[in-house]
Structures are given as C-alpha cells and as structure tokens.
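Each ligand, and each atom within it, is numbered from 1 in the order the structure gives. Keep in mind the model is a prediction, meaning the values are calculated, not measured.
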Amino acid sequence: MNAIDIRNKYLNFFKEHGHAVIPSAPLIPENDPSVLFTTAGMQPLVPYLLGEKHPQGKRLTDYQKCVRTVDIDEVGDNRHLTYFEMLGNWSLGDYFKEESIKMSFEFLTKELEIPVEKLSVTVFAGDEDAPRDEESAKIWKQVGMAENHIYYFGKEDNWWIAGEEGPCGPDTEMFYDTGKEACGPNCNPSCSCGKYVEIWNNVFMEYYKNKDGYTKLKQKNVDTGLGLERMNMLLQGKETPYDTEIFKPIMDELTKIAKNDYIQSKRIVAEHLRSSMMIICDGGRPSNVDRGYVLRRLIRRMTRHLNKLGIDLNELPKLIELNIEVLSQMYPELVKNKETIKQVLIEEKDKFVKTLTHGEKEFEKVIKKMELENKKTIDGHSVFKLYDTYGFPPEVTGDLAKEQGYEIDMTEFNKLYKEHQEKSRLGAEQKFKGGLADQNEQTIAYHTATHLLHKALQIVLGEHATQKGSNITTERLRFDFAHPQKVTKEQLEQIEKIVNEQINRNLPVTCEEMTVEEAKKSGAMGLFENKYGDKVKVYTIGDFSKEICGGPHVTNTKGMGTFKIKKEEASSSGVRRIKAVLIK
Ligand code: SER
C-alpha cells in the first residue's frame, strides 16, 4: 500500500458512510489574508462549522493540501515536513462522538488492517471549561480498545483550536505503537520518545472560544485530520517519510549526483522542493513579504543545501521534472503547471545565486572592518544585515568567518532575528498599509485617512492605541489598533471631529526617504523599526501626522470628503477595529 492507495481507501470509506467527497481547497486561502497558507482541512470549512449550510450536505470528506511554516527550521530531521496532506472527514451538526469513533476504528483496523494492539487513544481529562470525556472513552472500550490503551490528558494534549479564537473542542487522538522500546515505565502517547506516533485526531467541535472564554456552538461538529505522509510511513514500516515512494526517487537521485553525502541536506532539498512546487502550483510567487517570503526562504534553503551537497545547480530542472513525475498521480495539477513551476523556481534560484555573490563581497567588507578594529567576533548587527539585506544566511556567514579565524555573535543575531520574525508574523497576519492591492483615487484617500485616524486615536485614547492591522477597499477603510476596551460614543465622535478638522485644513502631504534611525528620531510612528539599515519613506501630513509608510497618499487633504466612522468592534483580544468611510 502506498500514499495514493491510503487516500483512495479513505475517501471511498467515508463516501460509503454517506460523506460527500469535496475537492482540496488551494494551499493559498481564498479571501483570507489573515493566514499564510491552509494549515488544516477544517480551515476552509470554518463558516460551515459555525452553522452556515454547506451545499454538499452535513457529511463531508476530502484530502487537503496543507503547509505549516512553524517547523521550517526543523525540516531535515526524521519527521517534520512543511507541506503535507491531511485526510479529513466532517460532521456539520450531524453525527457526533459515537459514529465518529466507530468509523475511525473500523477504518484503521479493517481498511488499513492495523492490529488493535498497536493502537492507543487519548481523550480529554476535563477541566473548568468542559467535562471529562468519559463518553469517548466508553465508546473506545465498546469497539474493542483495551482499557490500558486509553489515556486521559488535559487541554495541552486533548483540545484543538486553530489559533487563539474560533470553533474548538476536546479531541480524541489515535496513536500507533511503532514497537520501539518504551523510554521508561511512564512512557505513554504524550511522550516524544518516538514509540507512539499520533496518526489521527478527531475533534468534537461544540465550543467557540474568544477572548471572553468559551460558548457553545449552534451545532455539534466533528472535525478529523489524518496525516497522510506519516500514516504511509508507518504502514510501510519505514523510519522516515523520506524512505517512502513520495521522496525516495528524489533522495536516490540526490545521492547519485551529490559529491557530499549529507543526509539532512538531502532531506531539506527533497522536502523544500516538493513544498515550493506545491505552493507555486497553487499560485504562490516568491517575494519579500508574507507567504511570498516563506516561499523565498524555502527555495533559498533548498539552493543552499544543493550547494552544500556539491550538486551543480544546473541539475535543478531535472530534479523538478523528476519530482513532478513522482507526484503526478497524486497531484495532476503539477503536470499542468510544469512550465510555470520550473520557471519560477529557476528564476528564484538564479536570483539567490546573485545574492550569494553580493553577500560574499559584503562579507569581505565586514572582515576588513574587523581587521581594522582588531576584533575577532562579528557583531550580530552585521550578521543580521548580511542576512536581511543581502539574504546571506547566518550559517554561511558563520562558515566563512570560521575559515578566516573569526566568530560570529549568534546571540545578538538571534535576538534581532526574533524581533524581525515577530514583525513578519504581524505583517503576515494582518495586512498592513503598503499592501494596497488596488490603488486608485479612492483607496489612496482612504490610505491618507488611515494616517489621520491613527493619530486621532492616539490623541483621544492615548499612545497605546497603535496600529495592529489595516485593510482598505474602494468602499471603506478598516483599521485595527491596540485598546483594551470599547471606544465610547463620545470618544468616537471626538475622533471623527479631529480627522475632519485636519481634512478641512487642506494640509499638504509630503514624503521623505530616510533611514529607520532618522525616521525614529524625527518622531515618526511606524511598525518597521527593526529593518536595520534600510531606507524607509516617511509621510508627513501638515503638522499633524508623521508615519513610516510605503504610500501612496494624496498630495493634499483637500477634497478627501467627510470622515465617518461606521462601526467600532472587537477584533481580537486587546485589539479594536474601526470601519470608516469618506463621504464626498
Ligand atoms: N483540525 C484538527 C487538526 O488539524 C483535526 O483535523 O489536527
């Protein structure tokens, strides 16, 4: 049995149990700028879990293409993948625990023929938010699970939610015993020693969580997810997914053409190549922000490890073709988009090769400076600048430094990197200004109004009321900002009044380029302070507002219209959202 057989068995099984087979949603979520990639099968189904009617009914099943980016740096070990496929089945207010557990058990033991002794399950132990899940435990016992294979755990193990807010609930997780020796007398499925591997998660979604706590959903749902690559690996008795048919041909080819035999590098190339191909196939393109940046990182990391393996980069087209061939049965769309995938990957690889060349030159400059100053450790800022501005990875800087008898300050680098990561995360989660997709007279005016609003909020509510996100269409502006409670009617009126006063002063809007340090000194508000050494644009509106921003803006506030707040509401914990319009 291989991956495609497992997928087909799964979809057929649930079809026979009354589920409609729906197509995988694209990896890049439609109409949802708040997340980078689809990370779970339930993600595109959220409206239906909340009660909207799904056109295909109350029982659904699919395979979902997923990318999870938190683990990028772990890829290369024996289990982390950025791209993976999740098989899932859903009950939208239809069956609940009993039928769900019975179907899972039947699928695992009858269809996949896993001996019941090799299975263990966990259920929710209960707490102040939800009761102990005795019901699931009882059903597991009924179907034939031995009592000592049923474990109870708390929220950290047996509760599932995507992020901070949304539909959620206790889950029951199924584990496969690899037969490895237990790491000790207390070894159990929550242990990470590798004996037990989680294979399936059934979430009993009957709650909704927001910052105020938990409420019951309109309907009781089931959301399940089974990781295909992992199941495939276990059923084939392999140690890693790289030993299965999904990766083996590419791993073998890499072994054949590599001068250096680094297993981790081979895995990284194989994994990142597949992930990048899948992302490009679904419309992703490399860039410096958000998901484009994730793709860029994947391709760069892959290129670097091809170098490390001593593989001629001109082999890349062949590797892409081989990978498409291997995956064509699972993802026919790869074949259709073959030329685009090749073009995007090769162009990005070429760009990175240039970057590496520039970076090496810049590195030499840093070394000269070090010699002059008689220092032996390259400071974190220089390492970060090489990374951020020249795309020069710190490992490469470290290697080169070592060759010349220098060290690098990784602690300082990591600190700067973390700050940068945090900014990118914020940037990715919320579309900040500068990300205007559609720029016309109206959106430009809204953009300027956003700056006026930001300043007015700080005047009326206080300096804590900083921007947390912004989204502009031709119809309205939407602005998220930090504030712990509801903004009162009086405050809203005051804010409106200030913005309108400024508009009516016919203030000129000017733009200057400066370094981040200079911008900070000038008192500009802004979110990108940590882009070390970069030049930024600062927009000034008369004597009223000064903000770091990519623009564009109106040249004068004259004629922008009358500013009106339409709505003030909670956006997330500690963040409020205002929607406003300009009336001409
Ligand atoms: N949403 C759950 C998960 O991702 C089950 O599909 O594990």
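Residue, atom and distance of the protein heavy atom nearest to atom 7 (O) of ligand 1 are Asn201 ND2, 3.1 Å. Counting only heavy atoms of the protein, atom 1 (N) of ligand 1 lies nearest to Asp223 OD2, 2.7 Å. Considering only non-hydrogen protein atoms, atom 4 (O) of ligand 1 sits nearest to Trp160 CZ2, 3.1 Å.
With His19 as the fixed residue, the ring-ring contact (aromatic ring centres under 6.0 Å, His included) test singles out one of Phe107, Trp90, Tyr95: Tyr95. Screening Tyr207, Phe204, Phe153 for a ring-ring contact (aromatic ring centres under 6.0 Å, His included) with Trp159, the sole residue that qualifies is Tyr207.
With a heavy-atom cut-off of 4.0 Å, Thr224 touches ligand 1 through its backbone alone. Contact annotation for Arg68 and ligand 1: only side-chain heavy atoms (C-beta onward) come within less than 4.0 Å of the ligand.
For ligand 1, the atoms closer than 4.0 angstrom to any heavy atom of Met42 are 1 (N). Which parts of ligand 1 touch Met86 is read off a 4.0 Å heavy-atom cut-off, strictly below it: atoms 4 (O), 6 (O). Atoms of ligand 1 found under 4.0 Å from any heavy atom of Ala40 (numbered from 1 in listed order, with element): 4 (O).
Considering backbone and side-chain N/O of Gly225, one or more are found under 3.5 Å from N/O of ligand 1.
Taking the ring centre of Phe481 as origin, the terminal cationic atom of Lys468 falls outside the region bounded by 6.0 Å and 45° from the ring axis.
Under the 30°/60° scheme for interplanar angles, the aromatic rings of Tyr10 and Phe14 are found to be tilted.
Contact of the Leu81 side chain with the Tyr242 side chain is registered, since non-hydrogen atoms from C-beta on lie closer than 4.5 Å.
Using a 4.0 Å cut-off between charged side-chain N and carboxylate O, Glu85 and Lys65 make no salt bridge. Ionic pairing of Asp129 and Lys155 is present here: one or more N-O contacts between side-chain nitrogen and carboxylate oxygen are shorter than 4.0 angstrom.
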